[in-house]
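Structure first, then comments.
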Amino acid sequence: MSLGTVIVTGASRGIGAATAIGAARRGYDVLVNFAGNRGAAQTVVGAVEEAGAKAVAVQADVSRPEDVKRIFEAADAMAPLVGLVNNAGIVAPAMRVDEMDVERIERILAVNVTGTMLCAIEAVKRMSTRHGGKGGAIVNLSSAAAKLGAPSTYVDYAAAKGAIDSFTVGLALEVAGEGIRVNAVRPGIIATDIHAAGGDPDRAHRIASSLPIPRAGTAEEVANAILWLLSEEASYSTGTILAVTGGRAIAP
Ligand code: NAP
């Protein structure tokens, strides 16, 4: 029997895809959101179904309120919503802050920050006991960049993930008495396509050898942390940010 539905944004590739498949193996049905890569999303849907769970793929840009509404309307037709993983995230090509323009900055903030907040709003409206819901859990994707600042590469992205940290703590406190736990995972260097999007496909493996655990993390290793925070095993954890950084020291 299904444990309920989990929405995973940006679930067609990388950490989101691993989270969607891991969620299915743990007994959840999964809404697989993607931006443009329908073929990859359908592959994830197939893997979820192979694990014995239900899956629906929904194309939507999380930065657009009307698209976010469509994600949640599709989820309303599935088993009751018990979780949201705010995973969709982007970087832009590496550059210094004094080379950035307003279009880039607005897009980075819109997808990484506004998208997370818009999805959280819809999830709280459905899961909060204040609104007649039965509770649930939200996991946001932060980044080690939020603490390291990502100089000369993605300071805009790092600042966006800093906003995710504050949002996680604030929302957690707001809904702690309403049956919803809100936590974040802070990945370090994980081997996914995101580094190619930043113009440096080998970044993960190049930096990895300098880490205490001298390799890049895998999408599955991050997914395991997300899925633990989502689960009842984390029933007394809220407002926390769990580092999955291979031991890289991150200031609190
Ligand atoms: P990825 O491999 O680049 O995959 C990104 C996913 O997000 C894809 O499924 C993509 O869909 C989707 N997406 C992009 N823009 C979207 C939008 N506007 N609306 C909805 N979906 C959108 O990324 P990843 O490395 O797995 O990263 C996942 C999360 O972890 C992000 O929040 C990222 O910031 C965070 N993170 C990653 C690392 C790392 O080293 N990889 C480190 C720290 C934090 P399409 O396939 O349709 O394009």
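Numbering of ligands and ligand atoms starts at 1, following listing order.
- Residue Glu233 places its CD atom among 12 or fewer non-hydrogen atoms of other residues, nucleotides or ligands, all under 6.0 Å distant.
- Every pair passing salt bridge (Lys or Arg N to Asp or Glu O under 4.0 Å) that includes a residue from residues 159-185 is listed here, sequence neighbours excluded: Asp165-Arg186.
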N/O donor-acceptor pairs under 3.5 Å from side chains in residues 80-92, not counting sequence neighbours:
from: Asn86; atom 1: ND2; to: Thr116; atom 2: O; distance (Å): 3.3
from: Asn86; atom 1: ND2; to: Asn140; atom 2: OD1; distance (Å): 3.0
from: Asn87; atom 1: ND2; to: Thr9; atom 2: O; distance (Å): 3.1
from: Asn87; atom 1: ND2; to: Gly10; atom 2: O; distance (Å): 2.9

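- Using a 4.0 Å cut-off between charged side-chain N and carboxylate O, Asp156 and Arg107 make no salt bridge.
- Applying the side-chain hydrogen bond (donor to acceptor under 3.5 Å, both in side chains) criterion to Arg13, with sequence neighbours excluded, gives Asp193.
- Using a 4.0 Å heavy-atom criterion, the residues that approach ligand 1 are Gly10, Ala11, Ser12, Arg13, Gly14, Ile15, Asn33, Phe34, Ala35, Gly36, Asn37, Ala60, Asp61, Val62, Asn87, Ala88, Gly89, Ile90, Arg107, Val111, Leu141, Ser142, Ser143, Tyr157, Lys161, Pro187, Gly188, Ile189, Ile190, Thr192, Asp193, Ile194, His195.
- For the pairing with Glu66, the side-chain hydrogen bond (donor to acceptor under 3.5 Å, both in side chains) check across Arg64, Arg70, Lys69 returns one residue only, Arg64.
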